[in-house]
Amino acid sequence: MVNIQFPDGAVRSYELGITPMAVAKGISEGLAKKVIAASIDGVVSDASTPINKDAALKLITWDDADGKSTFWHSTAHLLAEAVEATFPGVKFWVGPAIDRGFYYDMDLGGKTISEEELSNLEKKMGELAKQNNIFIRKQISKDDAIAYFAEKGDEYKLDLLQGLTDGEISFYTQGAFTDLCRGPHIPHTGLIKAIKLTSIAGAYWKGDEKNKQLTRVYGVSFPNQKELDEHILMLEEAKKRDHRKLGKELGIFTFDDNIGPGLPLWMPNGTVIIEELERLAKETETAAGYKRVVTPHIAKESLYITSGHLPYYQESMYPPMELEGVKYYLKAMNCPHHHKIFSAENRSYRELPLRLAEYGTCYRYEQSGELFGLMRVRCLHMNDAHIYCSKEDFANEFRAVNDMYIKYFNIFGIDKYVMRLSLHDPVKLGQKYINEPELWLETEEMVRQVLIESNIPFVEVPDEGAFYGPKIDVQIWSAIGREFTLATNQVDFAQGRRFGLQFTNRDNQPEVPLIIHRAPLGTHERFIGFLLEHYAGKFPLWLSPVQVKILPISDKFNDYAFSVNKQLLEAGIRSEVDDRSEKIGKKIRDTELMRVPYMLVIGEKEQTEGCVSVRRQGKGDAGQCSVSEILSTLTSENKNRQSI
RNA sequence: GCCAGAGUAGCUCAGCUGGUAGAGCAGCUGAUUUGUAAUCAGCUGGUCGGGGGUUCGAGUCCCUUCUCUGGCUCCA
């Protein structure tokens, strides 16, 4: 007998070797039908795994995250079965579950999968699923496994096997398909009721661009059609808030073939947002003791030799222009320029911390395939600043920067993000990372403490730091689910020395400052791209390109409309009159679609009484009020940067 | 940069097997003077991304190039 403990704490005895599926059946047939896998003492396993000792058991269904990933991983096997039937001789690499679905990487031996074949594969998978084929696990010796794939001529699986330990190797078979796999898998293919193959892509083997490119097929599956329909609907909804679509509709930015890829043109509406963000940054930074600087967009090659960006970063920079035998580069970062401002004068410890801020324009020659709307561009405006400080000041300065992030994020209501603390790898000191083992540990600990004290959830990622120090990145996701770093906060104990930066300390000795690179608002490009999706185009008043639209009921009230408009403009409100001879319904519709936060409807009654009828975007009629009342509402909401 | 798709009016799209381009919206003009998400009518607008080729004839077939999209690699 074995004693099995359930998640609610209850313990029941079963005969030795009972499977989770049998346990489920003992509870109810309905439950058994839903069981996908089981967690046995915390290890996710097949529902058919015999339990041979006392254990804690959790039955896993579709509702569990582990259930979904098991389900999707099994669907990946189903895909492989369908592909093998369609493309004999195909070789497979790996087919994991991902956040939303699964993929399988394969070598089709030069063949390609067309869109049509993709939907055929989808149908084929549906047929195979209906066969209710059981996923059969088989423990196999390493030699036998190698022999099997050598026979098959599959160098990818042989490569995988090299990294595996004999005794821990298993095969899974469903229907006509057998794969090297650790598992677990769902009981049988019949559970997979709805399948969608979403896209075909190229993916480098082992993620290395020097390797051969395999064909990757992405897909997603569900235990019923309804959930698939909902999933597709959700994707369509997400597309509606895609910043590329909204940016066009709202007249925020545009691209032009003759300007160049990745070089956004900011239209008047977008420029309003840029200027409001800069105003916020300037107010905040001035209050925090920053000093503003302005630097040129280009610099001589020698600057980037000093900084070490050449030749390592060269391929990400626009090629140089040569004048009188000297090469000039468009700047890809502002740091070296700021360092030169630091070193322009003799610095005393009394001047520190010195905080130099600039919305710096940078140019990066990103690979063409990486460009993505506003999120990844070649001309970017960075909310940059460099803080030069002594080691003693460091923790305070870093904390202050962190507080600034939090302050900003509160203003924008940004809560779906992950703070990522990127650390060094001691093995790579002197190669990927500057060889200062103690400074690394010391600054990493300081940064960690700041994060813990400020109560911000964060994840630590080894071997992701910058060359010159640890960093914190704020990770966000675009509407279609792509991940980006929105903002960054980096420690730098290398560039100071490279640039020969120093200040005279209290002991009248020269000392190299520590440098903090920080960009809490990231770049205008990515930040506004993010905000467009974050707000779904419905910016709060202070960021709205047009804050108020005045809508006269008919031409007769245009004069009064313009007189109200004049008062608003004089109070600093971005207001416009819609004086077209359209019906009020049409004017409202157009203004709603442009996401203008306030509409003032004006007709006979309002003109006579000298008031306005207020309509809030998305909320409808909000009643009448006097011009001075609406003016003070707008002014205070605007000034306080109120969110909606 | 690589793999796979796409590019027709400002926008969203139609155009069967090759026979010298269409709709809705937007824009303009006029009529209408309107009370909380689309008033009506007329008009303008495209060398079908660019270049080359096949053909009597190319939006449609082929090559090439540019741009975009989905991924990979890479990053704010």
Side-chain angles (χ1 to χ4, degrees), chain A residues 103 105 108 112-115 118 198-218 239 242 244-245 248-249 251 254-258 260-262 313 315-316 332-334 360 362 364-377 380-384 471 473-476 480-488 490 517-527 529-530 551-558 580-593 599-606 613-623:
Chain A
Y103 67 77
D105 281 351
L108 294 165
T112 57
I113 298 180
S114 67
E115 300 274 326
L118 199 65
T198 45
S199 67
I200 318 164
Y204 297 107
W205 184 43
K206 294 185 178 179
D208 188 334
E209 63 181 325
K210 291 184 198 80
N211 282 343
K212 182 171 183 176
Q213 199 156 44
L214 305 176
T215 302
R216 176 174 295 181
V217 178
Y218 283 90
K239 271 188 192 159
D242 189 315
R244 291 168 297 184
K245 183 172 157 66
K248 184 172 273 180
E249 286 169 4
T254 189
F255 289 99
D256 185 279
D257 279 2
N258 289 318
Y313 200 75
E315 60 182 33
S316 294
M333 64 290 299
N334 304 300
C362 299
R364 297 183 180 176
Y365 197 79
E366 304 287 3
Q367 292 186 53
S368 58
E370 294 166 348
L371 301 174
F372 178 69
L374 281 181
M375 301 304 244
R376 194 74 181 276
V377 293
L380 41 114
H381 299 81
M382 203 183 298
N383 171 230
D384 215 352
K471 60 175 183 173
D473 289 323
V474 180
Q475 301 301 112
I476 51 104
I480 61 165
R482 209 183 283 189
E483 181 177 353
F484 288 96
T485 299
L486 183 67
T488 184
Q490 311 179 348
H517 304 241
R518 44 111 282 176
L521 299 178
T523 62
H524 280 320
E525 286 71 20
R526 191 170 288 179
F527 203 77
F530 168 78
L551 311 176
I553 300 274
S554 87
D555 296 354
K556 287 187 274 185
F557 313 110
N558 281 355
R580 298 174 301 169
S581 51
E582 292 289 350
K583 288 169 75 170
I584 191 67
K586 168 75 166 164
K587 291 185 184 184
I588 285 171
R589 179 181 157 78
D590 289 347
T591 314
E592 284 279 350
L593 288 175
M599 282 155 264
L600 302 182
V601 177
I602 277 172
E604 181 79 51
K605 199 164 52 175
E606 289 78 10
S613 283
V614 181
R615 185 189 162 97
R616 293 294 320 264
Q617 196 276 332
K619 298 196 179 100
D621 198 343

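Worth saying up front: this structure is predicted, and the values here are computed from it rather than measured. Here is the naming used below: chain letters follow the sequence lines, and residue numbers restart at 1 for every chain. Hydrogens, waters and symmetry mates play no part in the numbers below; they use all other heavy atoms, side chains included.
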Report which part of the nucleic acid [X] touches: base, sugar-phosphate, or nothing (heavy-atom distance under 4.0 Å, all strands).
{"X": "A:Leu551", "value": "nothing"}
{"X": "A:Glu525", "value": "nothing"}
{"X": "A:Ala203", "value": "sugar-phosphate"}
{"X": "A:Lys583", "value": "base"}
{"X": "A:Thr485", "value": "sugar-phosphate"}
{"X": "A:Glu315", "value": "nothing"}
{"X": "A:Arg482", "value": "sugar-phosphate"}
{"X": "A:Glu606", "value": "base"}
{"X": "A:Ile584", "value": "sugar-phosphate"}
{"X": "A:Glu366", "value": "base"}
{"X": "A:Gly620", "value": "nothing"}
{"X": "A:Arg216", "value": "sugar-phosphate"}
{"X": "A:Lys587", "value": "nothing"}
{"X": "A:Gly369", "value": "base"}

Round to the nearest Å and state the distance from [X] atom [atom1] to [N] atom [atom2].
{"X": "A:Lys245", "N": "B:rU69", "atom1": "NZ", "atom2": "C1'", "result": "15 Å"}
{"X": "A:Leu374", "N": "B:rU69", "atom1": "CG", "atom2": "P", "result": "11 Å"}
{"X": "A:Asp242", "N": "B:rG70", "atom1": "CG", "atom2": "C1'", "result": "12 Å"}
{"X": "A:Asp256", "N": "B:rC68", "atom1": "CG", "atom2": "P", "result": "11 Å"}

Among [options], which nucleotide has an atom closest to any side-chain atom of [X]?
{"X": "A:Gln367", "options": "B:rU73, B:rU36, B:rU39", "result": "B:rU73"}
{"X": "A:Gln213", "options": "B:rU36, B:rG35, B:rC72", "result": "B:rC72"}
{"X": "A:Ile200", "options": "B:rU34, B:rA4, B:rA37", "result": "B:rA4"}
{"X": "A:Ser554", "options": "B:rC75, B:rU33, B:rG1", "result": "B:rU33"}
{"X": "A:Glu370", "options": "B:rU36, B:rA38, B:rU73", "result": "B:rU73"}
{"X": "A:Arg526", "options": "B:rC68, B:rG1, B:rC75", "result": "B:rC75"}
{"X": "A:Phe372", "options": "B:rC2, B:rG70, B:rU33", "result": "B:rG70"}

Pairwise 5' ranking along RNA chain B for A:Ser613 and A:Tyr365, keeping only the more 5' one: A:Tyr365
For A:Ser199 and A:Phe484, take the nucleotide of RNA chain B holding the closest heavy atom to each; which residue's nucleotide lies nearer the 5' end? A:Ser199
Look at [X] and [N] and indicate whether a side-chain polar atom (N or O) is within less than 4.0 Å of OP1 or OP2.
{"X": "A:Arg244", "N": "B:rU69", "result": "yes"}
{"X": "A:Ser581", "N": "B:rU32", "result": "no"}
{"X": "A:Tyr218", "N": "B:rC72", "result": "yes"}
{"X": "A:Lys586", "N": "B:rA26", "result": "yes"}

With a 3.5 Å cut-off and heavy atoms only, can you find an N or O donor on one side and an acceptor on the other between the side chain of [X] and the base of [N]?
{"X": "A:Asp555", "N": "B:rU33", "value": "yes"}
{"X": "A:Glu209", "N": "B:rC72", "value": "no"}
{"X": "A:Tyr204", "N": "B:rG1", "value": "yes"}

If we take the C1' atom in both B:rC40 and B:rC56, what is their distance in whole Å? 47 Å
C1' gap between B:rC62 and B:rG18, integer Å: 13 Å
Go ahead and name the base partner of [N]; Watson-Crick or wobble counts if both distances stay under 3.5 Å, otherwise write none.
{"N": "B:rC25", "value": "B:rG10"}
{"N": "B:rG59", "value": "none"}
{"N": "B:rU47", "value": "none"}
{"N": "B:rU39", "value": "B:rA31"}
{"N": "B:rG5", "value": "B:rC68"}

Could you tell me how the ring of A:His524 sits relative to the ring of A:His381: parallel (under 30°), tilted (30 to 60°) or perpendicular (over 60°)? tilted
Return yes if some donor-acceptor pair links the side-chain N/O of [X] with the main-chain N/O of [Y] below 3.5 Å, else return no.
{"X": "A:Thr198", "Y": "A:Tyr218", "result": "yes"}
{"X": "A:Lys587", "Y": "A:Pro552", "result": "yes"}
{"X": "A:Arg376", "Y": "A:Arg526", "result": "no"}

Run A:Glu366 and A:Ser316 through side-chain hydrogen bond (donor to acceptor under 3.5 Å, both in side chains) and show every step you take. CA-CA 6 Å; A:Glu366 304 287 3; A:Ser316 294; 5.1 Å; no
What verdict does the side-chain contact (heavy atoms from CB on, under 4.5 Å) test give for A:Leu380 and A:Arg364, after you've listed the backbone C-alpha separation in whole Å, the side-chain angles of each residue and the deciding distance to 0.1 Å? CA-CA 8 Å; A:Leu380 41 114; A:Arg364 297 183 180 176; 4.3 Å; yes
Can you confirm whether more than 12 heavy atoms, excluding those of A:Tyr365, are under 6.0 Å from its OH atom? no
A:Lys239 atom NZ, neighbour heavy-atom count above 12 within 6.0 Å: no
